[in-house]
Amino acid sequence: MTMEKEYIPEVVELKWQKIWEDTNLFSVNVNRQKKKYYLLEMFPYPSGNIHMGHVRNYAIGDVVARYKRMQGYNVLHPMGWDAFGMPAENAAIANNVHPAKWTYKNIDSMRSQLKRLGFSYDWGREVTTCKPEYYRWEQLLFVKMFEKGMAYRKKAFVNWCNQCQTVLANEQVEAGRCWRCGGEVVQKELDQWFFRITDYADDLLDYCNRLPGWPDKVVTMQKNWIGKSVGAEIYFPLENGNGHIPVFTTRHDTVFGATFMCMAPEHPLVMKLAAGTDREEEVKAFVERMKRQDKIKRTSEDYEKEGVFVGAYCINPLTKRRMPIFTANFALMEYGTGAVMAVPAHDQRDFEFARKYGLDIIVVIQPEGETLNPQDMTRAYTGEGIMVRSAPFNGMKNVEALDAIAAYLEEKKLGRRKVNFRLRDWGISRQRYWGTPIPIIYCDNCGVVPVPEKDLPVVLPEDAEMLEGGRSPLPALDDFVKTRCPRCGSSSARRETDTMDTFVESSWYFERYCSPHYDEGMFDPEAVGYWMPVDQYIGGIEHAILHLLYARYFTRVLKEFGFLNYKEPFTRLLTQGMVRRETVKCPDHGFLYPEEAILKDGDRLCKYCGSHVEIGRTEKMSKSKKNVVDPNALIEKYGADTLRLFSLFAAPPEKDLDWSDQGVEGASRFLKRVWRLVRDNLDRLDGVKPYDGGEELGRDLRQLHRKIHQTIKRVTSDIETRFHFNTAISAVMELVNSVQAMRESAFTDRLGRSVLKLALESIVLLLSPIVPHVAEELWAALGHSKSVLDVPWPKYSKDAIEEDTILIVAQVNGKVRSRFYVASDADDETIKETALADERIVARISDRPIRKVIVVHKKLVNIVV
RNA sequence: GCCUGGGUGGCGGAAUAGGUAGACGCAAGGGACUUAAAAUCCCUUGGAGCUUGUCUCCGUGCGGGUUCGAUUCCCGCCCCAGGCACCA
């Protein structure tokens, strides 16, 4: 048994990475004899370099993958690239590189970084979403969805910069202006493609309660996002007799108090009603102004309610009251029908609006024991009460009237019961270049025609040049746009030039991993049948709603087509917290990298101009904020194992991690200490068998042996049940400390050495999923030839962890006053007697009478006086 | 603004079913080894007090409450973060 004297991470890590690669250690196949375990981490967008968020995410995943493998599972652990997206286009504009070239280059460098970190991926399954061999199947599915009516076209608004003549993403709009040119951003209506996710709203909601392996907070967020509300749709006839306005409400008990109508500024009826009246100009100006406003702000509770009268009236179908129609900032086109029946007495927004514009307020629900008077009200009354001015429902409790009124509306054909969801259909059209082309052809004769299966894929032309301002080059590419209609053969047909939302690719990549080279469809049913669903999915909390909901929806669509037979793709979910760091900003030079701020006399100054820098908010690490840490530099200095160890030790995975540079040093120190511990004992452990529990041990060795087994138990449950690697690591640190604290003479005889060997082997095995390279090296040094990955995970013995004595805490009136040991089999009565006889306790009680004694089994005694 | 989390020493965190607050690590201070430094090892380290003790009091964002006992449960605030549908 020999090993290098010094621990040089780079040497050890490169050596083992080569061995793993040469022996194909991580490649797996369907094996029906073995239990499968599918461990998946969210695949990265290839932005250029791996960042700390990735390191954290993938380190967590790798521990679980390696741990499960040691437990005998056939572990699928793949990696790939979410390769379409906006940053590639931005980079193209900024640096004049083609998005494809930029993306592939990034993939190459990120792949080698991941390899350098020693993650146990089966690289033979790598998936890259911007390749036709991937997105062709997505296009095929789109066509199938189109044919079934699951994909459809409708008008929707986009952010539009007039100056750049481009559609902007929400993040490209800064305070209502274009991030590139600073020009004003307006809402423009375009034809767009949608997926009918709302068809599955109820099912997605139901199954939220059948995801026991998901964090409660994520389930709650999803439920709230879907936002089911049970209510009624009521038809308000227009005064001019041209139809009616349908309104969704959950408070149809208040319909008798509806005195005016509010419509979203985007509502098509608004301009129609105003047309030709003296209101037209004013309404138009208001609508235009609203289209420029931030929707979140516009509808927030404390924002000033405003609106204008559109010059028309509708009729309250129950009271026959003439109701003026307004368009108002707080009404949203996306929710319900885009129109709100305003009941100022019982809705706060309506109340504020009515007060502002002097509109009638009619109380129709009276709280018990109180009489509301519209003149005296300072705010709306939204609580329960008794119905008034609502014949024939007067005297009923409002909660009971809900059902009665719904029935009445249906009977009189004035409305109907309705369930409304906050969830809207998924808009997938992007007016961008770098994405999956939507496989649709527009023909003057045949209309909207899907590209036939045999003509797929519609390949994204990779020779296109990006245009100024970020406009997509596709509409101007005649070779791409001009095509023949597959139905009538007309040569004047045009291709759809919008591409798909990149969330589409990430909604099925986990299925593709099961058979990444399958060329007869999206995936091989056989492989998916074995591997799916994902047993453990791990990714950032920022994906808690959209990505996860879309993936759940897509799985349902695939099931509907009969491609698979489960509804939920992810059995267990772990959402890791963000890696954050403070931002540093110079008044003249903007955001600075931490090293660009120089520390001087306790102040931090800008490297370039010497001004005092401003320490900004602590935020999610991002390149644009320059608050990133480069993992490369850390790997170079400390090695991959130290970086992995530290990122797992710094905080439990679900918690946000505020980065600090200190601390990495400690992780490195610990690995060096373990290295020395093994190295310095190698000679005397040569040929020694680890202690197997057969022989009686002396006190000290028995204690160490107990600690070994307690550590195995602790580490196993920390990994298995909670993913709390930080406490698992501290437990191993404690064991290392215990071994080092032993008297040297304890390990001189054969028995002592066998316990020492057990201790060292346990330390190495327990650490191996976390720091695999150094573990392999030490394991080999201890005389083993197999990879640690194929060694069974250690098991603890119940007998070995039994303590001889236990510590009891003695309290008087809930305050700790003494501690003592008792035999571990002592009963409550003995513990109580011992406490009452304890001199410190006796002194505390003095002559006060004892009122009560509480004994918590094997833990604590509390004496109340 | 809405939805969802979080707040514990100088710092990261621990306390798994309401029962010893601060495990483990970092940083800091002191000491050993060394010609010296690095590395390593040992000790101290939540705050305050004086009577220096197996001492007393305070202390888990703030204010209340439940309980023999609250970091943990309940109510009301404050602050921070994530998401809010075209960042991924």
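All chains are named by letter (A, B, ...) in the order of the sequence lines, taking the proteins before the strands, and each is independently numbered beginning at 1.
- A close approach under 4.0 Å does not occur between any side-chain nitrogen or oxygen of Arg430(A) and OP1 or OP2 of C87(B).
- Ion pairing between Glu352(A) and Lys305(A) holds under the 4.0 Å rule for side-chain N and carboxylate O.
- Listed nucleotides: C55(B), C41(B), G82(B). Nearest to the side chain of Met578(A): G82(B).
- For the P atoms, the distance from C79(B) to U67(B) is 32 Å, rounded to whole Å.
- Arg714(A) and Asp718(A) are joined by a salt bridge, as a carboxylate oxygen and a charged side-chain nitrogen come within less than 4.0 angstrom of each other.
- Of all nucleotides listed (C24(B), U54(B), C87(B)), C87(B) comes nearest to the side chain of Met86(A).
- At a cut-off of 3.5 angstrom, counting only N and O atoms as typed in the model, there is a donor on one side and an acceptor on the other between the side-chain of Gln431(A) and the base of C86(B).
- No side-chain donor-acceptor contact under 3.5 Å links Asp828(A) to the backbone of Val855(A).
- Residue Arg580(A) is classed as a sugar-phosphate contact, given heavy-atom separations below 4.0 Å to backbone atoms only.
- By the 6.0 Å contact criterion, NZ on Lys858(A) is enclosed, its count of non-hydrogen atoms from other residues, nucleotides or ligands being greater than 12.
- If you check every strand for non-hydrogen atoms under 4.0 Å, Val664(A) touches nothing.
- The gap from the C1' atom of G19(B) to that of U56(B) amounts to 23 Å, rounded to the nearest Å.
- Taking the six-membered ring for Trp and the full ring otherwise, Phe353(A) and Phe330(A) have centroids separated by under 6.0 Å.
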Report task. Give the B/S/- string for nucleotides 12-22 of chain B, one per nucleotide from 5' to 3', where a protein heavy atom under 4.0 Å of the base yields B, of only the sugar-phosphate yields S, and otherwise -. Result -> BSSSB--BBS-
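- Nucleotides C80(B) and G65(B), compared at atom C1', are 26 Å apart to the nearest Å.
- Base pairing annotation: C41(B) forms a Watson-Crick or G-U wobble pair with G31(B), both donor-acceptor distances under 3.5 Å.
- A donor-acceptor distance shorter than 3.5 angstrom exists from the side chain of Asp425(A) to the backbone of Ile197(A), with no hydrogens or angles considered.
- Using atom C1' as the reference point in both G82(B) and U45(B), the two lie 36 Å apart (nearest Å).
- For C87(B), the OP1/OP2 oxygens have no side-chain nitrogen or oxygen of Asn90(A) closer than 4.0 Å.
- Separating the P atom of C62(B) from that of U72(B) is a span of 11 Å, rounded to the nearest Å.
- Taking atom P on both C58(B) and G63(B), the two are 14 Å apart, rounded to the nearest angstrom.
- C33(B) sits 11 Å from C42(B) when the C1' atoms are compared, rounded to a whole Å.
- Contacts of Val167(A) with the nucleic acid, taken as non-hydrogen atoms under 4.0 Å apart, include base atoms.
- The base of C68(B) does not come close enough to the side chain of Arg851(A) for any donor and acceptor atom to sit less than 3.5 Å apart.
- Between Arg422(A) and the phosphate of C2(B), there is no side-chain N or O to OP1/OP2 separation shorter than 4.0 Å.
- Contacts of Gln192(A) with the nucleic acid, taken as non-hydrogen atoms under 4.0 Å apart, include base atoms.
- Nucleic acid contact class of Ser429(A) (heavy atoms, under 4.0 Å, all strands): base.
- Using a 4.0 Å heavy-atom criterion, one finds that Phe670(A) contacts no nucleic acid atom at all.
- Counting only distance, with no hydrogens or angles, the side chain of His724(A) and the backbone of Asn726(A) share no donor-acceptor pair below 3.5 Å.
- At the heavy-atom level, Ile729(A) lies nowhere under 4.0 Å from the strands shown.
- Salt bridge annotation for Glu734(A)-Lys707(A): present, with a cationic side-chain nitrogen under 4.0 angstrom from a carboxylate oxygen.
- Look at A14(B): it lacks any Watson-Crick or wobble partner with both distances under 3.5 angstrom.
- Residue contacts for Trp225(A): at a heavy-atom cut-off of 4.0 Å it reaches a base atom on one of the strands shown.
- Looking at heavy-atom distances under 4.0 Å, His543(A) makes contact with a base.
- Taking atom P on both A28(B) and G18(B), the two are 38 Å apart, rounded to the nearest angstrom.
- An OP1 or OP2 oxygen of C26(B) is reached within less than 4.0 angstrom by a side-chain nitrogen or oxygen of Arg669(A).
- In this entry C87(B) has no Watson-Crick or G-U wobble partner, no candidate having both defining distances under 3.5 Å.
- Remark: G22(B) base-pairs with no nucleotide in the shown strands. Criterion, Watson-Crick or G-U wobble with two distances under 3.5 Å.
- The nucleotide whose nearest atom lies closest to any side-chain atom of Lys815(A) is, among C58(B), A23(B), C57(B), C58(B).
- Gly227(A) comes within 4.0 angstrom of nothing in the nucleic acid, heavy atoms only.
- With a 3.5 Å ceiling on both atom-pair distances, A70(B) lacks any Watson-Crick or G-U wobble partner.
- Scanning all heavy atoms of the two residues, the minimum distance from Pro437(A) to Tyr135(A) falls at CD-CE1, 4.1 Å.
- Along RNA chain B, the nucleotide closest to Met221(A) and the one closest to Ile428(A) are compared, and the more 5′ of them pairs with Met221(A).
- Among the protein residues, Lys672(A) comes within range of no part of the nucleic acid, since none of its heavy atoms lies under 4.0 Å from any strand.
- Here the side chain of Thr128(A) pairs no donor or acceptor atom with the backbone of Trp81(A) at under 3.5 angstrom.
- OP1 or OP2 of U56(B) lies within a sub-4.0 Å distance of a side-chain N or O belonging to Arg844(A).
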